[in-house]
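Contents: one structure, followed by commentary.
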Number of protein chains: 2
Amino acid sequence: MKRVTIKDIAEACNVSKATVSYVVNGKLNKVSPEMVKKITAMMEKMEYVPSLSAKSLAGKGSKLIGVVIPQVDVTQKMIFDNPFYSEFLSGLEYYLRQAGYSIVLSVINRDNCFEDMMKKWNLDGAVVFGIDNEEMVKALGNQKMPILLIDSYTTNRRFYRMNLRDEEASFVATTLLVEEGQKNIALVTGKVDKSILLQRRLSGYKSALEQHHIPFDPKLVFEGDVTYEYGVQAANEIMGMSDITGIIATADILALGILNQMQASGKNIPNEYSIVGFDDTYQAKMMYPKLTTIGQNISRRGELAGELILKIIHGEQTEKEYFMDFEVLLRETTRKRD
Amino acid sequence: MKRVTIKDIAEACNVSKATVSYVVNGKLNKVSPEMVKKITAMMEKMEYVPSLSAKSLAGKGSKLIGVVIPQVDVTQKMIFDNPFYSEFLSGLEYYLRQAGYSIVLSVINRDNCFEDMMKKWNLDGAVVFGIDNEEMVKALGNQKMPILLIDSYTTNRRFYRMNLRDEEASFVATTLLVEEGQKNIALVTGKVDKSILLQRRLSGYKSALEQHHIPFDPKLVFEGDVTYEYGVQAANEIMGMSDITGIIATADILALGILNQMQASGKNIPNEYSIVGFDDTYQAKMMYPKLTTIGQNISRRGELAGELILKIIHGEQTEKEYFMDFEVLLRETTRKRD
DNA sequence: GTGAAAGCGCTAACAC
DNA sequence: GTGTTAGCGCTTTCAC
């Protein structure tokens, strides 16, 4: 069967397309109440569904929000290996759906630039992950579409940002272990030089140590991929160094690798090693023992991002940077506290 | 700056819109080679990006594929708690992106019906998860858009399906434990009566037992939510029954809960209990010990789904049902075999 | 309060 | 080979 259009409704009601359009768009002050009722009923009856393509063409926004995940490595397609994305997306989709928007998922790399994506679909806006440094910012081009950056440290005023206070969070995590009495605290992290975010976390770690008069030892910083496997590897290295007893991992997935490997080696957590993760992905609750970690409800954060991007689109958001609160989630990989 | 359209290119090249349209769409036999070159260069120079809204309106397909995940529980928004979706989506997005398609994510529930979604965006097709029974099939409505169902057992000939041989897979999993010498094998699963898929797995389990002359005992079937928490609970129940030594979990996440809880209770896996999971999500490799499970590369399966839906769209797919192969991934939660 | 008509960017049948 | 044109479904200005 053919598509039911605004024209069909108009004819069925003996009115013009314009009138129908008015009621579709809720401009009810322009149409008489009886007419509104009649048209509404007819739309219901004929199962009218507006065409977003047409609406978008007519310049009224596409009701489409792009969610952009940069693909660092071209060969790697598993963008969702990191449960952070999934959980965040979950909340974001939930919020946007309620508001009548949908999500277009796009992974960008060298071949398909972001600007093309946006123009192609007439996106109303976009939520973009992982644009950490200025070089990546360039890849976003310079159209003026509303863009919300998640965890980005660009100083480019053109973008809105939703960030964690990473330095502070890392400071708190480290302090937690220091106050447990740990003197030799390892930091297991991704490659710091490529990521301003990780630099912040490193510097929070350093200042926590400094404040407690513990000298910073670069040998206690383990840099590698943010993967389970690297967690395993770091655990082995750490166990090979006799003095370390506390570990900060800048992602839960690293903590999981560390935890499993240490237990496989017969270590007791948290008696022999205290471990603190980052993010609080659902994995943190599915470990044994449950992971002490820094973060907040990621899905909730996704919802907030939805709220933010819509505000930006509607011109209601003035602050360029939005800071998320974080919590210390004391669970079972650190010692009990009073 | 204004959007660069086909018309701008046409004017810049002193040709008509039609000519430009031909080269955009690769109908090169209709245009002279020099012209093609000239137009192509101009498109490049002016950074022309076609508008999908217009293309879609003109009836040429939207290059948009819907990915639909039904939301069982209205209050629950965490659609991605199940890593299966994430991994699958990852592969699907990867494949479709290469082919110039994008993904629109939509969760459907009572409030937003599927038909509306499809019409609204002029989707070219859809990949739909979790339509297990005929009742859910109804929710898909009866337009004729290409739809690929993942893990669905509907017999409705209108849809294409991509399935696992669930009964066989479950048979193999059970046989694995039987051949280890296990006599009392528990099945930990979701609610069977609501899911044909789970009924198949149950029946594979039963027939494997039967074939080895082991009587089926309904008390060894543990039904609950497909969650980590239920895995924990089931583990407790199982440990409370003295004779069980083998466990089949119909999802890796259940296996994880079981595994962690048993180890927390001081049990040795696989010496005291053998555990087999289902799916082979990345979680399976991130457990300690690594999970023996039934499945195949989920991300690869997503890619295949992308290939399939495009074939369906282009009318190149004749088979209504596509079966995925599965593998037995012998890892460390079952005993070593020769 | 309602309608006519132009225009959004693109395609394709048809004419030249 | 290339141009003309109608039309896809909708919005919106401007008449009435």
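All of these numbers come straight from a predicted model, not from anything done at the bench. Below, all heavy atoms of this structure are taken into account, side chains as well, without hydrogens, waters or symmetry copies. All chains are named by letter (A, B, ...) in the order of the sequence lines, taking the proteins before the strands, and each is independently numbered beginning at 1.
- At D:dT11, one or more side-chain N or O atoms of A:Ser21 fall inside 4.0 Å of OP1 or OP2 (strictly under the cut-off).
- OP1 or OP2 of C:dT11 has at least one side-chain nitrogen or oxygen of B:Lys55 nearer than 4.0 Å.
- Checking C:dG3, C:dC14, D:dT11 against the side-chain heavy atoms of B:Lys30 singles out C:dC14 as nearest.
- Here C:dA12 presents its P atom at 13 Å from NZ of B:Lys17, a figure rounded to the nearest Å.
- Nearest-nucleotide positions on DNA chain D for B:Ala54 and B:Val36 put B:Val36 closer to the 5' end.
- Between C:dG3 and A:Ser16, a contact under 4.0 Å exists linking OP1 or OP2 to a side-chain N or O.
- Across D:dT12, D:dT2, C:dG9, the shortest atom-to-atom separation from the side chain of A:Tyr22 is found for D:dT12.
- The nearest whole Å value for the distance from the CG atom in A:Leu28 to the P atom in C:dT2 is 12 Å.
- Between B:Lys63 and A:Lys120 the shortest side-chain heavy-atom distance does not fall below 4.5 Å.
- The side chain of A:Ser32 places an N or O atom within less than 4.0 Å of a non-bridging phosphate oxygen (OP1 or OP2) of C:dT2.
- A donor and an acceptor atom never sit less than 3.5 Å apart when one is taken from the side chain of B:Tyr48 and the other from the base of C:dG9.
- Atoms CD1 (B:Ile6) and C1' (C:dA12) sit 12 Å apart, rounded to a whole Å.
- For B:Thr19, taking side-chain heavy atoms from C-beta onward, the closest of the listed nucleotides C:dG9, D:dG3, D:dT12 is D:dG3.
- Phosphate proximity of C:dA12 to B:Lys60: present, with a side-chain N or O under 4.0 Å from OP1 or OP2.
- The residue B:Thr5 sits close only to the backbone: its heavy atoms come under 4.0 Å of sugar-phosphate atoms, none of a base.
- With respect to the salt-bridge test (charged N to carboxylate O, under 4.0 angstrom), the residues A:Glu303 and A:Arg300 qualify.
- Put simply, the side chain of A:Leu164 does not reach to within 4.5 Å of the side chain of A:Phe323, judged on heavy atoms.
- The shortest distance between the side-chain N/O atoms of B:Asn29 and the OP1/OP2 oxygens of D:dG1 is not below 4.0 Å.
- If you measure from atom CG of A:Leu52 to atom P of D:dC8, you get 19 Å, rounded to the nearest angstrom.
- Taking atom CG on A:Asn122 and atom C1' on D:dC10, their separation rounds to 14 Å, with Å as the unit.
- Between A:Ile9 atom CD1 and D:dT11 atom P there is a gap of 13 Å when expressed in whole angstrom units.
- To the nearest angstrom, C1' of D:dT2 lies 10 Å from CD1 of B:Ile39.
- In this structure, the nucleotide among D:dC10, C:dG9, C:dT2 sitting nearest to the side chain of A:Leu57 is C:dG9.
- Looking at heavy atoms from C-beta onward, A:Asp151 lies out of side-chain contact with A:Phe129 at the 4.5 angstrom threshold.
- For the pair A:Lys119 NZ and C:dC10 P, the computed distance is 11 Å after rounding to whole Å.
- If you check every strand for non-hydrogen atoms under 4.0 Å, B:Asp8 touches nothing.
- Between A:Ser51 and A:Arg3, the closest side-chain pair of non-hydrogen atoms falls below 4.5 Å.
- You'll find that the side chain of A:Ala18 is closest to D:dT12, out of D:dG3, D:dT12, C:dC10.
- Side-chain contact between A:Tyr160 and A:Leu308 is absent, with no heavy-atom pair separated by less than 4.5 Å.
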